[in-house]
Amino acid sequence: MKHLTLIFIFITSNFIVYCQEITGITLNTDGNLLAFVNVGIPLKNVGTVSDENGKFFLKINESNINDTVYFSMLGYKTAKFAVKSLNNNLSNT
């Protein structure tokens, strides 16, 4: 099974009244854009789908700070990232 590699280009990382905005681009291991990747936190009503250029935008509330963001697409292994690790990546950019 193919692996879904995600490279995030964080354009914004604002905390707006307990809300984090994450913007990024989904790519495969060869560096090709992946369109229509599912991005979200299962069972939490938080999610989106990347557009035809692999770009996505996701808002995460403070109540989801201990959750995991899943990136999934048919034919690829699901990638998972803790929201806290995304916060750390944002603060290091």
Side-chain angles (χ1 to χ4, degrees):
M1 181 174 272
K2 299 176 186 176
H3 288 279
L4 177 65
T5 300
L6 303 166
I7 297 176
F8 299 101
I9 299 174
F10 295 104
I11 298 170
T12 60
S13 61
N14 302 320
F15 286 93
I16 303 173
V17 188
Y18 306 111
C19 187
Q20 176 184 355
E21 298 175 354
I22 300 172
T23 302
I25 298 174
T26 54
L27 304 170
N28 67 12
T29 54
D30 297 326
N32 298 320
L33 292 172
L34 290 177
F36 311 114
V37 175
N38 297 303
V39 180
I41 301 172
L43 305 175
K44 297 289 180 135
N45 201 25
V46 175
T48 190
V49 176
S50 65
D51 67 13
E52 63 274 357
N53 297 313
K55 296 179 183 178
F56 69 90
F57 173 80
L58 186 66
K59 282 188 176 185
I60 298 177
N61 294 322
E62 183 182 33
S63 62
N64 302 115
I65 197 75
N66 293 314
D67 291 326
T68 302
V69 178
Y70 284 65
F71 295 81
S72 63
M73 183 176 181
L74 286 175
Y76 289 86
K77 184 177 178 180
T78 299
K80 305 176 223 177
F81 297 92
V83 171
K84 287 182 179 180
S85 74
L86 295 175
N87 284 336
N88 291 338
N89 287 336
L90 291 172
S91 62
N92 292 331
T93 58

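Everything numeric in this text was worked out from a predicted model, so none of it was measured.
Remark: the backbone N or O of T78 is not paired with any side-chain donor or acceptor of S72 at under 3.5 angstrom.
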Trace of the side-chain contact (heavy atoms from CB on, under 4.5 Å) decision for I25 with F56:
CA-CA 6 Å; I25 298 174; F56 69 90; 5.9 Å; no
Would V46 and N61 count as a side-chain contact (heavy atoms from CB on, under 4.5 Å) if you check the C-alpha gap in whole Å, the side-chain angles of each, and the deciding distance to 0.1 Å?
CA-CA 9 Å; V46 175; N61 294 322; 5.5 Å; no
Apply side-chain contact (heavy atoms from CB on, under 4.5 Å) to the pair K44 and D67, showing each step before the final yes or no.
CA-CA 9 Å; K44 297 289 180 135; D67 291 326; 3.5 Å; yes
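Taking the centre of each ring, F81 and Y70 stay at or above the 6.0 Å mark.
Under the side-chain contact (heavy atoms from CB on, under 4.5 Å) test applied with T26, the options D51, V37, N32, L33 reduce to a single match, V37.
Hydrophobic clustering places V39 together with I65 (ILVMFWY residues linked when any side-chain heavy atoms are closer than 4.5 Å, directly or through intermediates).
Nearest heavy atoms, T23 versus F57: OG1-CD1, 3.4 Å. Closest approach of M73 to A35, counting heavy atoms only: CE-O, 3.5 Å.
A distance of 5.5 Å separates CG of L58 from CD1 of I22, quoted to the nearest 0.5 Å. One finds the CG atom of L74 at 13.0 Å from the CZ atom of F36 (value rounded to the nearest 0.5 Å).
Put simply, the side chain of T68 does not reach to within 4.5 Å of the side chain of V83, judged on heavy atoms.
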